[in-house]
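Quick caveat, the model's predicted, so the values are computed rather than measured. To find a chain, count down the sequence lines: A is the first, B the second, and so on, and within it residues start at 1.
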There are 4 protein chains.
Amino acid sequence: MTMHPATARGERTRARLLAAAETVFAAHGYADASITRITDAAGVGQGTFYLYFASKLEIFEELVDDLNRRVRHAMTEAGEGARDRLEAERAGFRAFFRFTAEHPALYRVVREAELVSPRALRSHYTRIVEGYISALSAARAAGEVGDVDPTVAAWALMGIGEMIGMRWVLWGDGVAGDDADPMASGTSQVPDEVFDQMMRFIEGALRPRGEGEER
Amino acid sequence: MTMHPATARGERTRARLLAAAETVFAAHGYADASITRITDAAGVGQGTFYLYFASKLEIFEELVDDLNRRVRHAMTEAGEGARDRLEAERAGFRAFFRFTAEHPALYRVVREAELVSPRALRSHYTRIVEGYISALSAARAAGEVGDVDPTVAAWALMGIGEMIGMRWVLWGDGVAGDDADPMASGTSQVPDEVFDQMMRFIEGALRPRGEGEER
Amino acid sequence: MTMHPATARGERTRARLLAAAETVFAAHGYADASITRITDAAGVGQGTFYLYFASKLEIFEELVDDLNRRVRHAMTEAGEGARDRLEAERAGFRAFFRFTAEHPALYRVVREAELVSPRALRSHYTRIVEGYISALSAARAAGEVGDVDPTVAAWALMGIGEMIGMRWVLWGDGVAGDDADPMASGTSQVPDEVFDQMMRFIEGALRPRGEGEER
Amino acid sequence: MTMHPATARGERTRARLLAAAETVFAAHGYADASITRITDAAGVGQGTFYLYFASKLEIFEELVDDLNRRVRHAMTEAGEGARDRLEAERAGFRAFFRFTAEHPALYRVVREAELVSPRALRSHYTRIVEGYISALSAARAAGEVGDVDPTVAAWALMGIGEMIGMRWVLWGDGVAGDDADPMASGTSQVPDEVFDQMMRFIEGALRPRGEGEER
DNA sequence: AATGAATGAGCATTCATTCAT
DNA sequence: AATGAATGAATGCTCATTCAT
């Protein structure tokens, strides 16, 4: 499959292509991201592409994996110094949103993966969720978290992060009317009040509950 | 834009095309959903397509709008007989998942809209969220809901529904490993335990809180 | 071939179609003048077209013939009251240019006929030229015109009229640079000085010559 | 716009395409000259076309320019050894007719340009006429030519050449009846008597006049 | 007489991929 | 290692024409 270069020069070329692919896929989508556009953006000849990737699908999947590795790394790293679960969560979300702002490709590419490579899509979400699951399980064992199923809660958190990120990072601050230019986005940050409200929502959901539950 | 037929026969043909588009877009994605595939599925000649839709994009956007109208209708209708906010929420989510199971197109089509027609995508989410927002605002005024910002909470709920729906309705029950055929899906239902856990999560998030909040 | 209507209403519809065809062919050219455009311009249904014309080619040829009849009529009529050949010529050219200004279709349609219907093209030019030939022959017999072959002179005059008409009527007054909008034309008139110079040129060419010829 | 090849092989392919275009446009006209027909005639694959030309219109315009350059070159070259204006004129027209006979595309393509690319059409005629204008101006200054406006005379000459060329070169010798196959042409030459008569006509038009002019 | 629906052939254009250099 | 040339399959879209009403 993926062909790996023998020389350092080749290594650089390959990296350039992958970086170019991130830009081009994010800007045009899978179908309209022609190999030519990628090689042009990378500053190499058309034929060079096939020296390092067997097909368009392959570079796409590698890109998804790559982005996945990078978000997860960013999130984990952010949560490392945290005192408790809550602080870690907060840091993780912050990191997630920051990554989203810096790499709009993450959203655009992943969303398209639904059809292009369902395998890649599933693996992307699943890996992130796995991180949540183990963190939540540990927290539950430590009594920091209420009686929610870690798996379900993990997917819910994933959904919250994704949707809030889409709404406030990708779309920007403005009201999401039909009017605004939908492409002029990708650099905002989630406003503090929104972030706080979101964390409130999550805390409430995860907090241990002393009182009797309704229903 | 959209051209409307003058006769009943034309009306029927147009409806057949729209129905075919739902199937075809869901199965192949926007880029690979050729007009020919759509007209074949509709049982009409190629040229007939352009009697009713000016372009592929146009039928796509109309389809998104159509699906949007239909989910919202299903959700509203479901919540109508509910005693309290919680029951309504529960019914709404159930309806949402049922609709998702019956119309996998909703997910696949909407997700692709990110690139195909950002306008359609935004409008889709925004309209659904608006429903949540007004329901939450009313519930908060009635003291049924805690002190969360209705807008943020609404987007969070949207995210939860979408992610849980994707995971358990579209992907089915199985573990989301790299192995299973990712296309053989779309008909499962969210298992009861998962649904209950999700509702627990949501209740916790929205419940009025007596105790002092950290931070 | 051409189908003729039985009723007065039909007669009117047919005339409307022919008039619409003049406009549409002039504006879009043969290839881009769709039947739909013609019927739309005529304010009738698509199918109605084929009640009166067997094909697109047929209405085109009829239009060429029609325009041809009308220019020739305009030119003949104009020359009728003239005292001598020269005055007649002058009036004929004036009429030709006026017709051109009012019916840009004449040029555009005829020029395209080169490929669409060579038959129609030839017949158009030939018929006009025939008028010149007989006028020149008569004038030569009367000694009003020098010793030029009427046929060759007639084609030369045709060429002059067509080229001057294109340059000053269709293109307008402006310098024919690459810049001006080439479609914004068709209503100018040949300026008087140009017209006079052209007539001088023609007079010189046709005038009887007493002196010895060079060569 | 026009893309130029980087290698000699590409240069050859590009030239083949342009030559094929001349043939195909002349034979079928712009609208019916499919890219496939051109690439077939050139002996290359369909896709190859777009390596060198951005569109059908572009190769058309380049072809018009190319033909224009070539006629003008042929005409100028022919008139180079001439003793006087008249001899030069004669040689120029001969060259023009010869070129027309060898490149029927000149006529057919240019005539269609009226609608396809008015810009190209104007520029074609204007450039040729400019040559006439400067020659006539010089001749007038030298007293070789009478008191006609060089610009008007130049357009008149252009018209004469075009019409005579069409009549005797493109249509051939035969009477231009409705019968003859209109496509079986393009190789005749203007008969000597016709050519001489045409030159007589032109001489008369341009000759200095001693006597008093009517009007 | 009039119409609108239906159709399939046809075309410009794009693009992933292969290959010779 | 790198490149640009070449290709043909595929697709969105247009349009003259036919037909049932």
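Both C:Q46 and D:T48 lie near DNA chain E, and the one whose nearest nucleotide falls closer to the 5' end is C:Q46. A residue-by-residue look at D:T13 and C:K56 shows that D:T13 has its nearest nucleotide of DNA chain F further toward the 5' end. Ranked by how close their nearest DNA chain F nucleotide is to the 5' end, D:P5 and C:L57 are led by D:P5.
A straight line from CD1 of C:I59 to P of F:dC15 spans 16 Å, rounded to a whole angstrom. One can place CG of B:L51 at 12 Å from C1' of F:dC15, the figure rounded to the nearest angstrom.
Scanning for ring pair (Phe, Tyr, Trp, His ring centres under 6.0 Å) contacts around B:Y30 gives B:F25, B:F60, with sequence neighbours left out. With sequence neighbours excluded, the residues that form a side-chain hydrogen bond (donor to acceptor under 3.5 Å, both in side chains) with D:R111 are C:Y125, C:E162. Applying the side-chain hydrogen bond (donor to acceptor under 3.5 Å, both in side chains) rule to B:S117 yields the partners B:E61; only residues at least two apart in sequence or on another chain are considered. For B:T13, the side-chain hydrogen bond (donor to acceptor under 3.5 Å, both in side chains) criterion is met by no residue, not counting sequence neighbours. Residues forming a salt bridge (charged side-chain N to carboxylate O under 4.0 Å, His left out) with C:D65 (at least two apart in sequence, or on another chain): C:R127.
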Throw together a table of side-chain donor-acceptor distances under 3.5 angstrom for residues 39-46 of chain C, partners on residues two or more places apart or in other chains.
| from | atom 1 | to | atom 2 | distance (Å) |
| --- | --- | --- | --- | --- |
| C:T39 | OG1 | C:I35 | O | 3.1 |
| C:T39 | OG1 | C:T36 | O | 3.0 |

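In this structure the side chain of A:L67 never reaches within 4.5 angstrom of the side chain of A:V110, judged on heavy atoms. With contacts defined as side-chain heavy-atom distances shorter than 4.5 Å, the pair D:H4/D:Y52 does not qualify. In this structure, B:R14 and B:E62 have side chains that are in contact, with non-hydrogen atoms separated by less than 4.5 Å.
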Pairs counted as Watson-Crick or G-U wobble with both distances under 3.5 Å: what dot-bracket string results for DNA chain E, using | for bases tied to another strand?
.||||||||||||||||||||
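Among the protein residues, B:T7 comes within range of the sugar-phosphate backbone only, with heavy atoms under 4.0 Å from sugar or phosphate atoms but none that close to a base.
Residues from residues 29-40 of chain B with heavy atoms under 4.0 angstrom of DNA chain F, sorted by number: B:A33, B:S34, B:I35.
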Take D:L106 and D:H124, measure what side chain to side chain contact (heavy atoms under 4.5 Å, CB included) needs, and give me the verdict at the end.
CA-CA 10 Å; D:L106 182 66; D:H124 168 72; 3.8 Å; yes
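Pairs passing the side chain to side chain donor-acceptor pair (under 3.5 Å) check and including a residue from residues 20-29 of chain B, sequence neighbours excluded, read B:E22-B:R70, B:E22-B:H103.
For DNA chain E, the outermost nucleotides in 5' to 3' order that have an atom under 4.0 Å from a heavy atom of chain A are E:dA16 to E:dT18.
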